[in-house]
Each structure stands twice: as C-alpha cells, then as structure tokens.
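Some notes on the structure that comes next.
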Amino acid sequence: MASHIPDILRKHNSAILTDWLAEQARSFSRDTRARDDTPALSARFLGELADATAKGNVDDVDGEDFREIRALLEDLSRQRGLAGISPRDTAMFVFSLKKPLFARLRQELSGDALVDEMWSATTLLDRLGLLTTEAFQRTREQIIERQQQDMLELSTPVVKLWRGILALPMIGTLDSGRTQIVMESLLQKIAETEADVAILDITGVPTVDTLVAQHLLKTVAAARLMGADCIISGVRPQIAQTMVHLAIDMGDVTTKASLADAFAHALKRQGLTVVRAVKS
Amino acid sequence: MNVLSDDSLEIRRDADVVACRQAVRARSVEQGFGLVDQTKIVTAASEIARNTLQYGGGGTVRIQKLADGSKQGLRLVFEDRGPGIADIARAMTDGFTTGSGLGKGLSGTKRLVNEFDLWSKPGEGTRITITRWK
Amino acid sequence: MERIPILRMGRFLLVTVQVDLQDEVVQALQDDLTAKIVRYGARGVLLDISALEMVDSFIGRMIGHLAAMSRILDAHTVVCGMQPAVAITLVELGLSLGFVRTALNVEKGMKLLNEAIANDDPHGLLDAEDDERPL
C-alpha cells in the first residue's frame with residue numbers, strides 16, 4: 001500500500017511550512033533563529049521530502065530516491081557545523097517537523113491508517129535527523145584532520161640562513177608521522193632553492209631514541225642522494241650520551257653542538273669566511 | 001572497508017612492468033595520494049612486478065582502490081604460478097637475492113607499504129599482497 | 001626502441017634519462033655510453049635523472065653499473081637532480097647509492113666533475129681536445 005505522506009505533504013504544504021517554521025523558531029537557540037536561510041531551506045526540504053516519499057519506500061532513507069534529500073541535509077549540516085551551530089539545533093531542524101506533520105496526519109486519517117502512517121513518519125524523521133548528526137560528526141573530523149595537518153606544517157619551518165644554506169630548527173617530540181613531514185618539507189626546499197647544505201637543528205628535541213635517530217639518518221641519506229649535505233646541530237650533552245648508550249651509529253654524518261658551529265662549518269664548506277670589520 | 005575499483009593487468013613482458021607502474025601511479029593519484037606516497041607505492045609495485053616476471057615466469061596484478069572511513073588506500077595483489085619461494089623467511093632478509101637486484105627486493109618493498117602479505121608454496125606459485133594507506 | 005640521448009659537453013658526457021627504463025633500453029645505454037667515453041676520451045659523465053619519477057632497485061643497479069663501467073674507463077660519474085620523493089623512497093627501500101657522487105642539478109654536477117678532475121690531473125696533461133679516437 002502506498003503511503004499517504006506525500007499526498008498530505010503536498011496538499012497542506014504551505015500550512016505545514018508555516019507551522020514548522022513557528023516550531024523551529026521556538027526550539028532553536030538564538031544564533032540559529034537569526035539565520036535567514038531557514039525558510040527557503042525548509043520549503044525546499046518539504047518539496048524534496050514529498051518527492052522522495054512519493055517515489056521511494058518510506059523505510060529506505062539510504063536508497064536512491066532519498067539521495068537528493070540526504071545531500072540537502074548533509075549540506076545543511078556541514079554549513080551549520082562550520083558556522084558553529086550546535087548539532088542539537090541542526091537535528092531539531094528535522095525533528096521539529098514532527099508536530100506539524102502529525103497534526104495534518106491526524107486531520108486526514110483515522111484508525112489503523114493513522115497509526116501506521118504515524119509510525120512511518122516518526123521513523124523516517126528520526127532517521128533523517130540522525131543523518132544530520134552523522135554529517136556533523138564527519139565535518140568535525142575533517143576540520144580536526146585539517147588543523148592537525150596545518151599544525152604539522154607550521155611546526156617545521158625551513159629557513160634560509162645564507163645563499164645555499166638552509167636550516168630546519170626542530171622543536172618538540174619527533175614521532176614518525178611528524179618526521180616524515182619534516183623530511184619531506186626539508187628535501188622539497190632543498191630542491192626548490194638548490195641549497196648545498198642543510199642544517200637539522202635538534203636543540204628543541206627533548207629526547208632522541210633509536211627511532212628518531214633512524215629518521216634523522218634517513219633524512220641525511222635522502223639529502224645526500226639529491227646532492228646536498230646535511231649537518232645535525234644542537235646535540236645536547238645528554239643526547240650525545242644516550243646515543244652512545246643506545247649504540248646509535250651516526251656513521252659519517254657531521255654533527256655539531258650548536259647551530260652557530262654548524263653555520264660556520266657550512267660557510268666554510270661553501271668557501272666563505274667571516275672576518276671582523278676593521279675599525280678606522 | 002569498501003573496494004571502489006578493481007582492475008587486473010597481465011605481467012608477461014618487460015613492457016608490462018612499465019604499464020603496471022603507470023596504472024598504479026594513475027590509481028594512486030585518483031586516491032589523492034601525495035607525491036611521496038605515490039612514489040612509494042609505485043616503486044613497491046615495480047619491485048614486485050619484476051619479481052613476478054623474473055622468478056614467477058609472469059603472472060597478474062590486481063589493483064584495488066580502497067576506502068575505510070576517511071582513509072583511502074591502494075591494494076595490489078600480485079599472483080604467479082611459478083616455482084614458489086622455498087624459504088620465505090630467508091627471502092625476506094635484507095641482502096637476500098637469487099637474481100640480479102641489489103638484494104633489497106622484498107624486505108625493502110615491505111618498508112614502502114603499510115601492509116605486506118606473502119603467500120607461497122613450492123611448485124604452486126606466489127601471491128604477494130601490498131597495501132598503502134594515504 | 002627508444003634510445004637515451006648522450007650529449008657531448010667538452011670533456012663530459014651528459015645523459016638525460018627521460019623514458020621509462022626497460023631492460024633493452026638500459027642495455028643500449030650501457031653500449032652507447034661506454035663507446036662514447038672511449039671515443040671522446042670523456043673524463044666525466046653527468047647522469048641527469050631529474051625527470052625520473054621512480055627509482056627501484058633495478059634502476060638503482062643500472063646507475064651503479066654505469067658508474068662502475070665509467071670508472072674503469074677513467075671517467076667520474078655524477079648523478080644529478082634526483083627528486084625528493086624519489087630520494088625518500090630509495091632510502092626507505094634501503095639503497096643509498098653510496099658509491100656514486102650526486103649533485104642537485106647538472107650545473108653543480110659539472111662543478112663537482114671539474115673539481116674531481118683537477119684532483120686527478122692537476123696539470124691538465126690529459127686535456128688534449130684533439131685527442132678524439134674514432135671507433
């Protein structure tokens with residue numbers, strides 16, 4: 001048996017819309033009420049809902065016939081999520097349709113038909129409401145992921161010290177994800193600027209364990225394959241001790257205690273010397 | 001986890017190894033892999049495709065685009081009906097080679113991917129499955 | 001079959017690898033390069049791989065072989081322009097190509113070769129430009 005919901009939605013479209021907007025105005029917090037796209041979105045939603053329920057099975061919101069309406073809700077949820085509107089309000093957009101719709105159902109139907117349609121309508125709106133929450137969650141995850149990425153990139157600035165000399169001051173704990181980004185941005189910068197020497201400064205790195213040391217060595221090896229030299233500077237006394245105790249072999253990598261020493265070494269390698277200006 | 005696409009290629013000749021690399025590159029670009037991730041999976045594919053050709057006497061590769069939540073990945077399954085590998089543990093050691101590579105083949109390839117699975121039976125063939133996630 | 005072009009630049013040979021490398025291409029390159037080193041008495045080889053999007057152990061081995069063959073014929077080899085992503089992948093794969101010299105680009109590679117030759121032959125005795133040996 002076909003559902004009465006699409007017919008009722010179409011027949012009472014404007015009355016349901018008016019009641020629904022009033023209902024939304026009551027249930028929303030102030031920020032959401034202030035949004036001027038609500039009437040237009042609500043009207044579109046009612047239209048799409050009538051189309052979808054006319055074509056498709058009311059129980060199958062994941063189906064092809066509900067694609068448009070799912071897209072509309074996901075879009076709404078994403079935009080409101082980005083605008084800082086609570087997921088509660090976004091879900092209420094759907095849930096607040098229940099009262100006006102049920103009122104019309106009661107008006108048109110009776111007996112078993114009414115009970116059946118009430119059940120269909122409530123299930124349908126519950127599912128659509130949950131959809132907005134799921135979409136909100138997804139948007140949030142995307143935002144967090146992007147921010148993490150931004151932070152990673154911000155935390156690894158490659159700076160130019162001199163023509164042909166780059167430095168990468170590393171700060172904080174190095175895990176393998178972060179080291180990968182550090183390594184990539186340094187090597188990319190070497191390729192872009194055609195720098196002959198890169199200084200990896202680890203003054204701000206609290207500990208160097210076997211894994212971190214391996215990452216550093218890999219960076220040095222990759223730079224060498226590209227044709228650039230890497231110097232590791234800022235090796236603190238306790239780090240030097242740990243490295244020996246862990247039997248980490250730094251091979252023939254040049255290491256310096258301070259960034260200044262590494263810089264002096266890099267200048268010398270470039271055939272440059274620093275001289276004191278003679279006062280006249 | 002969903003499989004978004006599933007292609008299959010033959011590896012019979014030297015030129016097929018190149019075709020395999022190009023297909024893997026194209027799929028990894030479609031999956032939104034960064035340049036380093038692309039290069040790693042393409043290099044891994046090249047290593048194993050050469051193995052399939054050299055030791056397995058040719059075979060096939062299946063290239064599957066995967067999606068798992070917000071993660072996207074690429075899975076490659078190389079299969080041959082060659083002589084198989086008698087001592088898998090030894091084949092996976094750094095420096096081991098029976099052919100003309102630098103002996104980094106399998107153990108090195110393992111480091112380029114997130115998941116590595118090797119099945120082999122002497123006389124029946126070899127199947128190597130590698131997966132890299134974005 | 002495609003062949004990899006080898007350009008003569010004074011005392012050096014410039015090999016620019018742009019095609020996807022297959023066995024027969026590599027074999028032809030080894031033939032051509034060794035022949036040209038002898039013919040021109042070349043002192044150095046610049047192997048420009050900036051267009052290569054991938055280096056696996058097969059190509060790594062080829063690079064090593066070219067360098068070793070050139071060395072026997074008394075020419076230094078510099079590998080130029082390896083892409084960052086390629087370098088990262090090679091290191092992860094476990095190849096460091098420790099036996100070849102590298103440079104960021106052809107120009108820097110040339111400088112490196114000049115330095116290496118100045119070390120070998122400080123008085124330029126081997127530098128006769130007319131010393132071309134026809135095959």
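Numbered from 1 within each chain, the chains take letters A, B, ... in sequence-line order.
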Decide salt bridge (charged side-chain N to carboxylate O under 4.0 Å, His left out) for Asp196(A) and Arg269(A); before the verdict, give the C-alpha distance in whole Å, the side-chain angles of both, and the deciding distance to 0.1 Å. CA-CA 9 Å; Asp196(A) 299 296; Arg269(A) 192 196 163 284; 5.3 Å; no
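- Residues Asp37(A) and Arg80(A) are paired through a salt bridge, judged by an N-O separation under 4.0 Å between the basic side chain and the carboxylate.
- We find that Glu64(A) and Arg67(A) are joined by a salt bridge, their nearest charged nitrogen and carboxylate oxygen being less than 4.0 Å apart.
- Residue contact with chain C, scored on non-hydrogen atoms closer than 4.5 Å, involves the backbone and the side chain of Ile190(A) alike.
- In this structure, chain C has heavy atoms under 4.5 Å from both the backbone and the side chain of Glu184(A).
- With respect to Lys218(A) and Glu92(C), a salt bridge is recorded, a charged nitrogen being found less than 4.0 Å from a carboxylate O.
- Listed options Ala195(A), Ala191(A), Ala223(A) were ranked by heavy-atom pairs under 4.5 angstrom with chain C; first place goes to Ala195(A).
- With chain A as partner, the option from Val79(C), Thr89(C), Ile88(C) having the largest number of non-hydrogen pairs under 4.5 angstrom is Ile88(C).
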